[in-house]
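Just so it is clear, the model here is predicted, and its values are computed rather than measured.
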Amino acid sequence: MTRSTTAGHLPADPQRRHWLRAGLTSAAAVALAPAAGSAAPPAPAAVTAAGRTTDLLRLDLNESSYGPSPRVGPAVQRALAEAPRYVSAAQLQALQGQIATLEGVAPEQVIVGEVLEALGQHLALSQGAGGFIYSVPGYGALVDAARPFGGRAVEVPLNAQLENDLPALLAAIAPDTRALFVVNPHNPSGTLSPGAEFDRFVSAAQARTLVIVDEAYLDYREDAATLSAVRLLRQGQNVVVFRTLGKIHALAGLQVGYALVPVALAEALRQRGVGGAHAQNQLSLAAASAALADPAHVAQVRRSVAAERQHWQQVLSGLRLRSTEAAGNFVFVDTGHPHAVVAAGLLQQGVRIARVFAPYDTWVRITLGTPAENRRAQQALRSVLAQLGKAQGGAAA
């Protein structure tokens with residue numbers, strides 16, 4: 001049976017800081033947001049059951065509703081002066097050095113970019129046809145990218161707690177395995193594999209194949225540094241750690257992240273053109289550097305999300321719904337009704353949630369928004385479930 005969090009509700013942090021307060025120029029605003037003083041573009045709209053339109057609340061892709069660091073806007077504004085120029089090797093090396101210092105690795109071990117797809121392609125092309133192991137349902141970008149080049153998906157179901165099934169993942173490694181890909185905390189379930197147990201798993205697996213750990217949501221944990229698999233990479237293990245700045249750093253629209261990799265693999269990737277200066281852009285590099293230099297903003301968002309996650313779990317418990325013990329910026333809950341029906345009902349009320357994740361066809365994943373956004377989504381969920389309950393009661397009668 002899945003676990004649910006029922007701890008008391010923490011007071012929410014003050015409302016998100018608006019990163020455009022720094023005052024972007026009109027040119028910067030064209031790239032990132034409406035210019036100061038101009039009318040904002042109309043938000044996407046949804047049509048309610050009564051025929052009214054309402055602003056569409058997008059809680060489907062685990063984006064951050066809290067916005068990036070207030071340092072990002074001015075940094076991007078300054079970078080616009082360099083927009084006519086390609087990113088130089090020196091600029092890229094500066095960001096690699098900044099990341100290396102933060103992560104405690106050598107600069108040459110840092111590959112900048114959202115590189116999971118490129119990594120999957122490289123492994124399939126360089127090693128030939130073979131298996132790529134991952135948890136299902138799960139984030140399959142790396143595996144999907146390897147498929148056209150001989151990569152074979154080896155799917156391992158989650159365990160009864162909707163966690164990565166570490167023993168089963170380990171047992172799936174075969175002589176032709178090219179990589180084992182694991183997302184921790186997991187997506188879509190949100191569950192976190194325990195630290196010591198996960199360390200033992202990674203250490204055992206990396207002795208037999210490359211282990212790639214996607215830690216997109218780990219920054220939402222206070223103890224992220226002690227849980228990250230980068231500690232094992234520092235020890236010389238055959239481990240890759242991927243991070244995106246599209247989640248807690250709120251730079252999803254700028255498509256920037258990085259991978260921390262063994263030196264030999266880093267060199268092979270660069271020879272293939274992955275992570276080079278030509279693959280970057282001025283605005284993303286500037287935004288990434290500014291975001292990474294503001295740990296206080298990350299801590300504030302982490303606290304706000306943790307408080308909202310607890311509140312969500314209280315609401316779900318009050319509705320007598322099963323949910324996982326989520327560690328990221330979303331909840332995963334079994335409504336007891338077909339996903340398509342619940343999602344359609346929520347969309348009618350202006351709330352968009354994530355797609356279905358088979359075989360959990362009655363479960364829904366809802367991204368955590370701001371306190372006001374979450375109250376709206378919670379009320380919409382209550383309303384939809386009440387309507388479905390009435391419909392079931394009428395059918396039974």
Side-chain angles (χ1 to χ4, degrees), residues 13-41 43 61 63-115 118 216 219 242-260 270 273-302 304 329 370:
D13 279 359
Q15 291 219 346
R16 58 183 171 184
R17 291 178 285 178
H18 294 290
W19 64 298
L20 291 177
R21 284 178 185 163
L24 295 178
T25 63
S26 296
V30 168
L32 294 171
S38 67
L61 296 178
E63 298 152 324
S64 174
S65 292
Y66 291 86
S69 160
R71 300 184 185 187
V72 168
V76 171
Q77 178 182 336
R78 292 190 295 270
L80 278 168
E82 297 299 319
R85 307 295 180 187
Y86 293 114
V87 171
S88 69
Q91 287 177 297
L92 178 59
Q93 288 166 6
L95 181 57
Q96 288 172 330
Q98 179 183 358
I99 294 169
T101 299
L102 287 172
E103 299 285 2
V105 301
E108 57 265 30
Q109 292 182 276
V110 178
I111 303 291
V112 176
E114 294 276 15
V115 298
D219 278 331
F242 172 74
R243 304 198 197 286
T244 178
L245 275 71
K247 303 305 178 185
I248 200 168
H249 294 286
L251 299 180
L254 289 177
Q255 288 290 303
V256 60
Y258 59 89
L260 310 169
R270 289 195 177 94
V274 179
H278 67 279
Q280 316 300 328
N281 72 79
Q282 296 284 358
L283 305 189
S284 293
L285 254 64
S289 180
L292 291 170
D294 192 357
H297 176 75
V298 171
Q300 177 184 328
V301 173
R302 182 188 298 122
S304 298
N329 68 328
T370 62

For [X] and [Y], which heavy atoms make the closest approach, and how far apart are they?
| X | Y | answer |
| --- | --- | --- |
| V301 | Y66 | CG2-CB, 3.9 Å |
| S69 | A291 | CB-CA, 4.4 Å |
| A259 | V115 | CB-CG2, 3.7 Å |
| G67 | S64 | N-OG, 3.8 Å |
| T244 | A216 | CG2-CB, 3.7 Å |

Main chain of [Y], side chain of [X]: is a donor-acceptor contact present, judged purely on distance under 3.5 Å?
| X | Y | value |
| --- | --- | --- |
| T101 | G97 | yes |
| Q280 | V112 | yes |
| R270 | G275 | no |

Between [atom1] of [X] and [atom2] of [Y], what distance do you get to the nearest 0.5 Å?
| X | Y | atom1 | atom2 | answer |
| --- | --- | --- | --- | --- |
| N329 | R302 | CG | CZ | 12.5 Å |
| E82 | N281 | CD | CG | 13.0 Å |
| L260 | F242 | CG | CZ | 10.0 Å |
| Q109 | Q96 | CD | CD | 11.5 Å |

Result block: side-chain N/O donor-acceptor pairs under 3.5 angstrom for residues 246-256, not counting sequence neighbours:
| unit_1 | atom_1 | unit_2 | atom_2 | d |
| --- | --- | --- | --- | --- |
| K247 | NZ | L61 | O | 3.3 |
| Q255 | NE2 | A252 | O | 3.3 |

- Decide yes or no on side chain to side chain contact (heavy atoms under 4.5 Å, CB included) for L245 and L292, but give the supporting numbers first. CA-CA 9 Å; L245 275 71; L292 291 170; 4.1 Å; yes
- Would you please name every residue forming a side chain to side chain contact (heavy atoms under 4.5 Å, CB included) with A277, sequence neighbours left out? V87, L92
- So do the side chains of Q93 and P107 get within less than 4.5 Å of each other, counting heavy atoms only? no
- Message: Any non-hydrogen side-chain atom of L102 less than 4.5 Å from a side-chain atom of P295?
- Response: no
- Decide yes or no on side chain to side chain contact (heavy atoms under 4.5 Å, CB included) for R243 and E103, but give the supporting numbers first. CA-CA 11 Å; R243 304 198 197 286; E103 299 285 2; 2.6 Å; yes
